[in-house]
Amino acid sequence: MMRGPGRAGRAGLVVIWSAIVMTMNACGGDERYRAASETTGGDPARGKLAIERYGCGGCHNIPGIATARSHVGPPLTAMAARMYVAGEITNTPANMESWILHPRAIEPHTAMPDTGVTDIDARDITAYLYTLR
Amino acid sequence: MSHTLQSALDPAGRQASLIYHLWLTMFWVTAAVFIVVAAAIAVAVIIGRRGRHDASQHPSEFTLSTAVVAAVAATVGILFVLLAVSVRTQNAITSFGQASAISISITGHQWWWEVEYEDAQASQRVTTANEIHIPIARPVVFKVSSHDVIHSFWVPNLHGKRDLVPGITTAIWLQADRPGTYRGQCAEFCGRQHAHMGFEVVAESQAEFDRWLDGQRQTAAQPQNDQERRGETVFVTGRCSMCHKVRGTEAYGTVGPDLTHIASRRTLAAGSIPNARGHLAGWIVDPQSVKPGNVMPRSPLPPDDLQALVAYLEILR
């Protein structure tokens with residue numbers, strides 16, 4: 001006679017499922033996106049697409065962006081926790097936006113080009129970078 | 001301009017359409033065969049289980065032989081029909097109108113595509129890379145060969161595959177009937193960056209195509225300000241010109257793609273990354289992190305030179 005998964009089996013499945021759900025909450029994707037969005041006024045999900053489009057990954061290693069694995073510039077890991085941007089200005093959303101828009105206005109000798117980012121895209125990119133803790 | 005999903009099941013031209021219909025025929029015939037075979041197995045299992053202990057229910061040797069012979073005959077018949085349909089499709093594709101075709105030669109490199117529009121007048125020839133423009137509703141012949149290893153030219157929405165073999169030039173004809181941008185890729189494993197050896201075929205109206213071809217025939221745009229002039233100097237006197245050509249300057253390298261109109265292309269590094277300034281700058285400095293193993297070396301340019309070089313490349317429309 002066929003038997004379905006026993007009580008122990010079912011309990012096991014529940015434990016595994018809860019573990020998966022708890023791990024996902026611990027990673028806190030949604031929560032981090034919400035917080036970053038509140039801090040910066042931008043949309044992190046759109047920012048992620050903008051990062052791919054403008055080619056930030058050409059130079060930076062950016063967590064969560066599959067194609068951003070370069071070592072030309074500094075890695076942007078834990079960007080939300082950094083104290084300074086470019087070693088020049090404090091890491092606030094407004095400063096981050098101005099850096100992304102016109103890096104040479106802040107650091108005249110930087111190799112980072114003005115990538116033609118629009119104001120809205122700069123805000124969204126900042127929002128995404130603020131999800132990186 | 002519509003961007004179509006790369007798929008042989010969404011034909012946008014004459015040849016691809018013929019291949020698609022051949023595929024459909026084969027799919028439905030073999031699907032029917034599969035269903036008949038699965039049903040026969042099911043029947044055999046059921047009858048077999050029912051008559052397991054009763055020898056009188058076993059079919060006679062003659063019945064079994066007849067069934068096997070009939071099945072073999074049907075298989076051979078179906079295969080011959082499919083063979084005939086394949087040959088007919090093949091003939092239809094190859095006998096396709098070859099008059100007044102545009103002739104484009106394609107040379108495969110590890111890992112990019114050299115594209116040359118042929119013309120009786122040498123000055124009218126156009127060399128570009130990784131982006132092929134063709135007019136719609138007009139036959140185009142691609143003469144394909146390879147510089148190094150065997151590659152394969154494949155634009156699924158327009159035609160089947162054609163191998164690029166070093167030392168041998170073969171021709172493949174195609175015609176796009178629907179305007180659009182169709183992605184193609186190398187379909188023969190050719191080394192470490194085989195997966196990053198893509199290209200695009202832009203099928204457009206004859207007028208748009210003529211305008212594009214005319215633009216590509218021009219020599220490179222002249223720098224207009226100090227930044228761009230500095231960029232040109234970096235390009236021509238630096239290492240870029242060892243491998244790349246920009247027509248109208250002293251840069252005559254032939255190892256890598258012709259960059260005379262680099263800014264007019266939609267992608268960089270053979271379809272690997274969009275042609276945006278961030279990608280371009282990163283690619284110039286460290287192409288090895290984008291396409292590890294490709295022949296372009298890292299170039300740690302001074303920041304001011306890099307900025308100027310990027311500004312210069314962006315005017316090469």
Side-chain angles (χ1 to χ4, degrees), chain A residues 46-77 79 85-88 96-126 128-129, chain B residues 3 192-193 195-196 198 225-228 230-231 234-235 238 240 262-263 265-294 296-317:
Chain A
R46 283 224 314 264
K48 193 173 176 178
L49 296 176
I51 285 172
E52 284 165 358
R53 200 167 64 243
Y54 287 109
C56 310
C59 294
H60 297 286
N61 186 329
I62 310 170
I65 313 279
T67 51
R69 291 286 175 270
S70 180
H71 301 294
V72 171
L76 305 186
T77 45
M79 203 56 228
V85 173
E88 294 267 338
M96 178 69 92
E97 274 177 49
S98 12
W99 171 254
I100 292 168
L101 284 167
H102 304 295
R104 289 214 140 188
I106 290 159
E107 166 56 66
H109 297 294
T110 181
M112 178 162 156
D114 187 333
T115 49
V117 178
T118 64
D119 290 359
I120 292 169
D121 287 340
R123 182 158 302 173
D124 291 340
I125 291 171
T126 303
Y128 181 76
L129 295 178
Chain B
H3 206 100
R192 194 169 168 194
Q193 291 299 333
H196 280 148
N225 57 39
D226 287 347
Q227 173 90 330
E228 292 163 10
R230 176 172 181 167
V234 170
F235 190 96
C240 311
I262 173 77
R265 295 182 207 148
R266 300 155 42 94
T267 67
L268 298 171
S272 305
I273 42 179
N275 190 1
R277 195 181 293 175
H279 285 295
L280 178 61
W283 171 256
I284 292 168
V285 177
D286 185 13
Q288 295 302 321
S289 74
V290 179
K291 267 172 102 161
N294 87 84
M296 182 160 156
R298 292 193 170 97
S299 302
L301 292 167
D304 287 340
D305 284 356
L306 175 65
Q307 300 272 359
L309 180 58
V310 169
Y312 172 63
L313 291 174
E314 285 193 332
I315 64 166
L316 302 181
R317 299 209 62 83

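All chains are named by letter (A, B, ...) in the order of the sequence lines, taking the proteins before the strands, and each is independently numbered beginning at 1. Just so you know, these numbers come straight off a predicted model, no measurement behind them.
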For chain B, which residues from residues 47-56 of chain A lie under 4.5 Å away (heavy-atom distances)?
A:Glu52, A:Arg53, A:Tyr54, A:Gly55
With chain B as the partner chain, list the residues of residues 62-69 of chain A whose heavy atoms fall under 4.5 Å from it, by residue number, and write 'none' if nothing qualifies.
A:Arg69
Nearest atoms (heavy-atom pairs only) where A:Pro113 meets B:Ala281
CG-CB, 3.8 Å
Minimum heavy-atom distance B:Asp304-A:Arg104, with the two atoms named
OD1-NH2, 2.6 Å
Checking B:Leu306 against chain A: side chain, backbone, both or neither under 4.5 Å from a heavy atom?
side chain
Top contributor to chain B interface from A:Gly73, A:Ser70, A:Gly116 [non-hydrogen pairs under 4.5 Å]:
A:Ser70
So which of B:Arg277, B:His279, B:Arg298 has the largest heavy-atom pair count under 4.5 angstrom toward chain A?
B:His279
Would the distance check show the side chain of B:Gln307 and the main-chain N or O of A:Thr110 forming a donor-acceptor pair, the cut-off being under 3.5 Å?
yes
